[in-house]
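As the structure is a computational prediction, the values presented were derived from the model and not from experiment. Side chains included, hydrogens not; waters and symmetry mates left out as well; all remaining heavy atoms used. Numbers restart at 1 for each chain; the letters A, B, ... are given by sequence-line order, proteins then strands.
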Amino acid sequence: MTELSKAYNPNEVEDRIYKLWEESGFFSPEGLSSVASAKEDRFTSRKFVSCIAPPNITGELHIGHALENTLADIIIRMKRMQGYQTLWVPGIDHAGIATQNVVEKELKKEGLTRQNLGREKFLERVWQWKEKSGGKILEQFKKLGLSVDWSRLRFTMDENYQKAVSEAFNHYKKKDWIYQGYRVINWCPRCQSAISDLEVEYKETEGKLYFIRYPLVRESSFAKASEDRQTEYVVVATTRPETMLGDTAVAVNPNDERYKNLIGKKVILPIQDREIPIIADESIDISFGTGAVKVTPAHSVEDFEISQRRNLEVLEIIDKNGKMTEKAGLLCQGLSTKDCRQKVIEKLNELGLIEKIEELVHNIGHCERCGTIIEPLYSKQWFLKMRELAELAKKAITTGSVRIHPEKWKEDMITWLDNMHDWNISRQIWWGHKIPIEGEEDVLDTWFSSALWPFAVLGWPEKTKDLTEYYPTDFITSDRGIRYLWQARMIFSGLEFTGKPPFKDVYIHATVLTKEGQRMSKSLGTGIDPLVLIEKYGADALRFGLAFQTTGIQDIRFNEDVIDAGRKFANKIWNASRFVLIQIGESSKALAKEDGYELKLPSKLDTMDKEFIEELKRLIPLAQENINKFRFSQAVSEIYSFFWNRFASIYIEDAKQKIQNSNDKIQKTEVLLWLLANQLKLLHPFMPFLTEEIWSKLPIKNKKMLLVEQWPK
RNA sequence: GGGCAGUUAGUUCAGUGGCAGAACGUCCGGUUUACAUCCGGAAGGCCGCAGGUUCAAUCCCUGCACUGCCCACCA
């Protein structure tokens, strides 16, 4: 028996234990088959496959990753101990726009741009960057103790993965679900790419609402003399006066009494001196502004839709750099939108056409990746038809072949699928999967490849052994922030390409907020670095604390004290184990059990023994049930409380007395060992490093690593 | 504008139609031979506000307030 130090030192233990696990091969199904037992149905017939959310290659481990993967690891470790052949494939996502931005920032330091370098050289730089720092986060996963199969590590830009992506694209193309079309899309002038609706972040901004007079075109021959003396106007309200240069109509609500008689007439667009029609459209809100809206089809999503309904001309006056085009007219051509606005206001003032200016707080869209204000632009993009795919996903969710937890997210997902627009899958960036069409320069939206993750990592489109054996997967957990971007799309992709939903259970975990309820973010300085917590308290303490705070559907207001409680608990477990080992040390001399103990209860048991054995036996199914139902806090606190308040405080204290009597010594020692060993098993999914380390010191016959020991029954 | 969630001890959160709970923190006392990262004890609550149902409401219903999140084309 090896002596245990007086206090538990996680930093000394963790890396060493992780290495042992890795070398054991037990993180992969092949490794498990080496200890398989058909008799007990261990690692033979039953399988449990978990699906990881691959982090971005730009990523650093944050507390959200730590929570998400800790919870998944708790489940998979329990399943492994229960005899399931488990598989959890790790990987990283190339994260198109995000990565491109990071590398562009690096270039900027050298005074370069991607355009200077050219496409080929730029991509070389991205790959270099990926090799250097892209996999950093995976090393950090090891610090957390995740039991993922490193032999199957995948990257969304791997050669095989690229094959999967083009296979998927061509499949859709053949079905005629992919088309090219002109739309007004969200354009980021800095990223020089279209971005999706879901990647636009709206921020409340103070702005101005300009009321502009558009003079009516007089029907001169019928005009009465009195009307001649006064000019008549339609007044429109806008926050972006510069876009008026591209107006091709003024729209009013057909039920608006104020304008009924003007529908079909014309106004003169100031500055441009163009005649444009007054049209009727139901979408116009009578109560906002003046009830009359200028229509700029090329630079507003809503206006574009009106233009399609009413056959209006689409006039592009802003280019991809956010500069005014020649169609904007001589006055403004070449100006930035900001300067152009200035110019337009000056001119309108000169003409006496600004009626008033009001203050207004409104939402302005920003690029989620770089913060630049989005410019809605008319442009040619690739789209994927969503109707049938959304229907597939909806059916899977409605019928329960994919279950969503907590259930409140189920309706939410269905509503989103019901209202889904066609998916703009093209991006005008360089880093990503090239659209597999001759002469096409665009790349695919990152989420197009992410959507294939659960089966692409197993080898699809090849009919590999992995795909047959381990697909569909059982489980995935992720943040609610990407339930549309990613989960919904994985569900329909899985169904479309394999005929099966990619996973059975989706667990949407809590979001980690600060103690004050703020969002954690690097830029606000409110983030908490899990690696610092691991350094300070140990990985087991962090895992304990995260599980302990995962109480239900509420978000977590992160409380570091609970991590500290985890550290103290780790030390408590360590010392209780030390006590047991000391007793064994003394007993084994008497018994000469040098090859270790059988893990079984003695035939003679006193009332106290029976009480505690029964209590522990009741705890096992409860813990199991709680983990299966994602009640992590309840699971871990019940085990905590039994270990500390019952086993350590009562049973051990009582045993100290009884052990004085040498007749009871052996009996007590065996019960102590039995109780401890089974509690270590229950604790292992939550605190794997510590429990593995203690397990390695226990004198038990024919033991394996705790990682693959049998879950208690 | 619409939807969802939350509001319970100093803090973070459980919980139940029948006397209000845990952890941490605070205070008091302990060198008990595994652990001072420990042990023993104590204080601390109009269960957001206002109505309703009920013998009985922190819990069920209605309304309101505040906080957070998501969705939406308010020009």
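- Shown for residues 301-310 of chain A: residues whose heavy atoms fall under 4.0 angstrom of RNA chain B, namely A:Glu302.
- Along RNA chain B, the nucleotide nearest A:Tyr202 and the nucleotide nearest A:Tyr8 are compared for position; the residue whose nucleotide lies closer to the 5' end is A:Tyr8.
- Among the nucleotides B:A36, B:A23, B:U37, the one closest to the side chain of A:Asn571 is B:U37.
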(message) Under the criterion side-chain contact (heavy atoms from CB on, under 4.5 Å), I'd like the reasoning laid out for A:Arg403 against A:His405: C-alpha separation, chi angles, the key distance, then a yes or no.
(response) CA-CA 7 Å; A:Arg403 294 181 292 258; A:His405 315 269; 3.7 Å; yes
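- The interatomic distance linking A:Ile357 (CD1) with B:A75 (P) rounds to 17 Å, in whole Å.
- Atom OH of A:Tyr210 and atom P of B:C74 are 19 Å apart (whole Å).
- Only the C1' atoms considered, B:G15 is 15 Å distant from B:A57, to the nearest whole Å.
- By the 4.0 Å N-to-carboxylate-O rule, A:Arg310 lies close enough to A:Glu282 to be salt-bridged with it.
- Among residue pairs with one or both ends in residues 286-295 of chain A, those qualifying as salt bridge (charged side-chain N to carboxylate O under 4.0 Å, His left out) are A:Asp247-A:Lys294; sequence neighbours excluded.
- Taking atom P on both nucleotides, B:G48 is separated from B:C59 by 8 Å, rounded to a whole Å.
- As rounded to whole Å, 12 Å separates atom C1' of B:C71 from atom CG of A:Asn363.
- Taking atom OH of A:Tyr537 as the reference point, atom C1' of B:C24 lies 12 Å away to the nearest angstrom.
- Taking side-chain N and O atoms only, A:Trp644 has a distance below 4.0 Å to OP1 or OP2 of B:C39.
- A side-chain N or O of A:Ser283 and one of A:Glu302 form a donor-acceptor pair less than 3.5 Å apart.
- Note on A:Leu209: nothing from the nucleic acid sits closer than 4.0 angstrom, heavy atoms only.
- A ring-centre distance under 6.0 Å is found for A:Tyr378 and A:Phe304.
- Taking atom P on both B:G52 and B:U58, the two are 14 Å apart, rounded to the nearest angstrom.
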(message) Could you walk me through whether A:Lys356 and A:Glu358 satisfy the salt bridge (charged side-chain N to carboxylate O under 4.0 Å, His left out) test, starting with their C-alpha distance in whole Å, then the side-chain angles of each, then the deciding distance to 0.1 Å, before giving a yes or no?
(response) CA-CA 7 Å; A:Lys356 59 174 172 176; A:Glu358 284 179 1; 3.2 Å; yes
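- Shown here are the ring pair (Phe, Tyr, Trp, His ring centres under 6.0 Å) partners of A:Phe211, two or more places apart in sequence or in another chain: there are none.
- At a threshold of 4.0 angstrom between heavy atoms, the contacts of A:Lys6 are confined to the sugar-phosphate backbone, with no base atom among them.
- With respect to A:Arg480 and A:Asp555, a salt bridge is recorded, a charged nitrogen being found less than 4.0 Å from a carboxylate O.
- In summary, the side chains of A:Ser478 and A:Gln487 do present a donor paired with an acceptor at a separation below 3.5 Å, with no hydrogens or angles considered.
- Residues A:Tyr651 and A:Phe612 bring their aromatic ring centres within 6.0 Å.
- Taking atom CD1 of residue A:Ile563 and atom C1' of nucleotide B:U37, one finds them 15 Å apart after rounding to whole Å.
- For the 3.5 Å distance criterion, the side chains of A:Glu68 and A:His509 qualify, holding a donor opposite an acceptor.
- Both A:Lys408 and A:Ser577 lie near RNA chain B, and the one whose nearest nucleotide falls closer to the 5' end is A:Lys408.
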At a cut-off of 3.5 Å, list every protein nitrogen or oxygen paired with a nitrogen or oxygen from nucleotides 40-43 of chain B, distance to 0.1 Å.
none

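- Remark: A:His362 is not in phosphate contact with B:C74, judged by side-chain N or O atoms under 4.0 Å from OP1 or OP2.
- As rounded to whole Å, 13 Å separates atom P of B:C71 from atom CE of A:Met413.
- A:Arg240 comes within contact range of no nucleotide atom at all, as no heavy-atom separation falls under 4.0 Å.
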(request) Would you write the dot-bracket representation of RNA chain B, where each base gets (, ), [, ], | or . depending on whether it forms a Watson-Crick or G-U pair under 3.5 Å and with which partner? (result) (((((((..((((....[..)))).(((((.......))))).....(((((..]....))))))))))))....
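- Separating the C1' atom of B:C71 from that of B:A14 is a span of 31 Å, rounded to the nearest Å.
- A:Ala251 comes within contact range of no nucleotide atom at all, as no heavy-atom separation falls under 4.0 Å.
- If you take CD of A:Glu358 and P of B:A75, they are 13 Å apart, rounded to a whole angstrom.
- Note: CH2 (A:Trp409) to C1' (B:C69) measures 7 Å, nearest angstrom.
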N/O contacts under 3.5 Å, protein versus nucleotides 11-15 of chain B?
residue : atom : partner  : partner atom : Å
B:U11   : O2'  : A:Lys515 : NZ           : 3.0
B:U12   : OP1  : A:Lys515 : O            : 3.4
B:U12   : O4'  : A:Asn559 : ND2          : 3.2
B:U12   : O3'  : A:Arg557 : O            : 3.4
B:C13   : OP1  : A:Arg557 : N            : 2.9
B:C13   : O3'  : A:Thr551 : OG1          : 3.0
B:A14   : OP1  : A:Thr551 : OG1          : 2.5
B:A14   : OP1  : A:Gln554 : NE2          : 3.4
B:A14   : OP2  : A:Gln554 : NE2          : 2.7

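- Nucleotides B:C4 and B:G41 have their P atoms positioned 47 Å apart, rounded to a whole Å.
- Ionic pairing of A:Arg240 and A:Glu375 is present here: one or more N-O contacts between side-chain nitrogen and carboxylate oxygen are shorter than 4.0 angstrom.
- Closest to the A:Arg578 side chain, of the nucleotides B:A75, B:C70, B:C35, is B:C35.
- Nucleotides B:G40 and B:C46, compared at atom C1', are 33 Å apart to the nearest Å.
- With both ends at atom C1', the span from B:G44 to B:U8 equals 14 Å, rounded to whole Å.
- A salt bridge links A:Asp654 to A:Lys658: at least one charged side-chain nitrogen sits closer than 4.0 Å to a carboxylate oxygen.
- The gap from the P atom of B:U33 to that of B:C27 amounts to 26 Å, rounded to the nearest Å.
- By the 4.0 Å N-to-carboxylate-O rule, A:Arg183 lies too far from A:Glu305 to be salt-bridged with it.
- Using modelled atom types and a 3.5 Å distance limit, the side chains of A:Asn645 and A:Tyr640 yield no donor-acceptor pair.
- Donor-acceptor pairing under 3.5 Å is lacking for the side chains of A:Glu355 and A:Tyr233.
- When the side-chain nitrogen and oxygen atoms of A:Lys572 are compared with OP1 and OP2 of B:C39, one or more of them lie within a distance under 4.0 Å.
- Listed nucleotides: B:A34, B:C24, B:C69. Nearest to the side chain of A:Lys568: B:C24.
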